[in-house]
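If you're wondering where the values come from, they're calculated on a predicted model, not measured in any experiment. Just so we're on the same page: letters track the sequence lines, and every chain starts at 1.
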There are 2 protein chains.
Amino acid sequence: MLTNLSRGQHVGTRDVILDAAATVIRTRGMANATTREIAKAAGYSEATLYKHFTGKVELLVAVLRERSPGFAHLARAMGDDDADLTTGLTAIATAAIAFYTDNFPMLASIFSDPSILAAHNAGLREVGAGPHRVNEAVVDYLRHHQERGTIRRDADLYAAAGLLVGACFQHAFLGHMNWSDRRPDREAAAGFAAMTTAALR
Amino acid sequence: MLTNLSRGQHVGTRDVILDAAATVIRTRGMANATTREIAKAAGYSEATLYKHFTGKVELLVAVLRERSPGFAHLARAMGDDDADLTTGLTAIATAAIAFYTDNFPMLASIFSDPSILAAHNAGLREVGAGPHRVNEAVVDYLRHHQERGTIRRDADLYAAAGLLVGACFQHAFLGHMNWSDRRPDREAAAGFAAMTTAALR
DNA sequence: GTCTATACGCGGATAGAC
DNA sequence: GTCTATCCGCGTATAGAC
């Protein structure tokens with residue numbers, strides 16, 4: 001997801017507020033992401049927040065939609081489908097683990113308030129975006145390989161993508177739960193990729 | 001996780017409060033799970049809550065640890081390792097999807113408040129419990145099959161368990177995000193199990 | 001566009017009676 | 001063990017001046 005900054009546009013008050021809100025959510029949690037805290041972090045008064053957003057829910061939903069860093073990097077890993085299948089899947093898994101590790105807390109937080117969850121889902125559906133896009137992109141990646149004969153004809157690509165992406169998703173989750181015996185990220189990514197490859201040929 | 005009810009013990013005030021809190025969290029979200037709401041749902045005054053728990057965090061953490069229904073059913077699916085591998089994994093995947101679908105909102109909610117997350121993790125570590133236990137149990141299940149020769153000797157069981165359980169975990173998550181093109185639970189479970197089996201032989 | 005000041009209800013928590 | 005009554009700070013939101 002591109003920020004206005006990376007598009008080279010003017011960075012307005014709205015962007016400063018969104019950045020500040022994202023920071024507060026990441027560091028103190030959604031429960032402590034109050035209008036007071038966000039305003040203080042942004043260097044503006046609370047009243048200014050309400051000039052740029054109709055209310056708190058709209059602000060938070062905007063943060064969720066416009067401040068999900070790392071997705072571009074993940075997409076780049078999937079554009080590269082010339083490499084060996086296992087190598088490519090390892091790169092995808094590594095990027096996916098990093099992406100989900102960064103974004104899991106913010107993503108999970110929206111479940112704490114049904115009104116935010118509903119607004120967020122509605123907003124995503126309108127523009128056709130959402131977390132399932134990662135799975136769909138992996139399916140496309142696998143289809144390219146299948147067309148070149150690297151993957152067997154009758155393989156269930158949907159299930160395979162679900163296994164790989166889901167494993168990365170849960171690995172990131174377990175990382176936040178401080179599971180000490182968990183494998184390091186790179187090792188886990190390689191293992192997931194190797195097993196997925198084994199299932200596909 | 002057994003409740004006092006299923007152990008046949010007396011159902012005291014504490015249990016009533018925990019049940020009420022779990023209901024409020026599930027229906028209104030963690031953000032709206034106030035002491036007022038919980039007390040009203042339990043049929044007791046707020047003051048009574050504070051006679052049974054030192055504070056709100058302790059109450060919520062107790063709910064998370066003692067009100068995770070369906071885990072027993074999931075465990076049962078894994079005890080049955082006499083069946084064909086794909087059949088067994090399908091049963092496990094089906095139970096896992098149901099389990100995560102039920103518990104994801106409550107589990108995800110704890111990320112909204114770092115103090116609750118920390119207290120929850122500390123509590124789990126003390127008794128050696130946690131979400132990773134599901135993965136470990138699947139590894140054990142796979143090892144039994146490996147010892148009987150149903151799975152190849154050099155298979156990475158840890159990665160395989162991560163793929164299957166992770167896929168179910170994320171499938172449940174996507175379900176809550178209202179992804180319309182998502183496969184039905186049973187179909188998804190069968191697909192995940194079949195692909196995992198393919199990777200293991 | 002941004003500020004200061006303020007309204008007002010809600011949430012966590014406790015004192016003390018029964 | 002449970003209740004009623006109450007405290008006090010916090011959080012959202014707005015009015016109105018500059």
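Atom P of nucleotide dG11(C) and atom CG of D113(A) are separated by 12 Å, given to the nearest angstrom. Rounded to a whole Å, the CD atom of E58(B) is 14 Å from the C1' atom of dA13(C). Summarising the geometry, the separation between CD1 on I38(B) and C1' on dT2(D) is reported as 18 Å, rounded to the nearest angstrom. Protein atom CD of E37(A) is 11 Å distant from nucleotide atom C1' of dG11(D), rounded to whole Å. Atom-to-atom, OH of Y44(A) to P of dT4(C) comes out at 13 Å; the value is rounded to the nearest Å. To the nearest angstrom, P of dC10(C) lies 11 Å from NZ of K40(B). One atom, CZ of F53(A), and another, P of dT2(C), lie 12 Å apart when rounded to the nearest Å. L49(B) has its CG atom 15 Å from the C1' atom of dT4(D), to the nearest Å.
Phosphate contact (OP1/OP2 of dT4(D), side-chain N/O of S45(B), threshold under 4.0 Å): absent. Under 4.0 angstrom from either OP1 or OP2 of dA13(D) there lies no side-chain N or O belonging to T35(A). Residue T48(A) has a polar side-chain atom (N or O) positioned under 4.0 Å from OP1 or OP2 of dC3(C). Residue K56(A) places at least one side-chain N or O under 4.0 Å from the OP1 or OP2 atom of dT12(D). Y50(A) has a side-chain polar atom (N or O) that falls below the 4.0 Å cut-off from OP1 or OP2 of dA13(D). Look at T13(B) and you'll find a side-chain N or O under 4.0 angstrom from OP1 or OP2 of dT2(D).
The structure places OG1 of T34(B) at 7.5 Å from CZ of R28(B), a figure rounded to the nearest 0.5 Å. Within the model, atoms CG of L117(A) and NE2 of H176(B) stand 9.0 Å from one another, a figure rounded to the nearest 0.5 Å.
For the 3.5 Å distance criterion, the side chains of T48(B) and S45(B) qualify, holding a donor opposite an acceptor. Between the side chains of D185(A) and H171(A), at least one donor N or O sits under 3.5 Å from an acceptor N or O.
Across dA15(D), dG12(C), dC3(D), the shortest atom-to-atom separation from the side chain of E46(B) is found for dG12(C). Comparing dC3(C), dA15(C), dG11(D) against the side chain of A47(B) picks out dA15(C) as the nearest. The R36(A) side chain lies nearest to dC10(D) when the options are dT4(C), dC10(D), dG12(C).
Mapped onto DNA chain D by nearest heavy atom, T54(A) and K51(B) fall at different nucleotides, with K51(B) at the one closer to the 5' end.
R125(B) CZ: more than 12 foreign heavy atoms inside a 6.0 Å radius.
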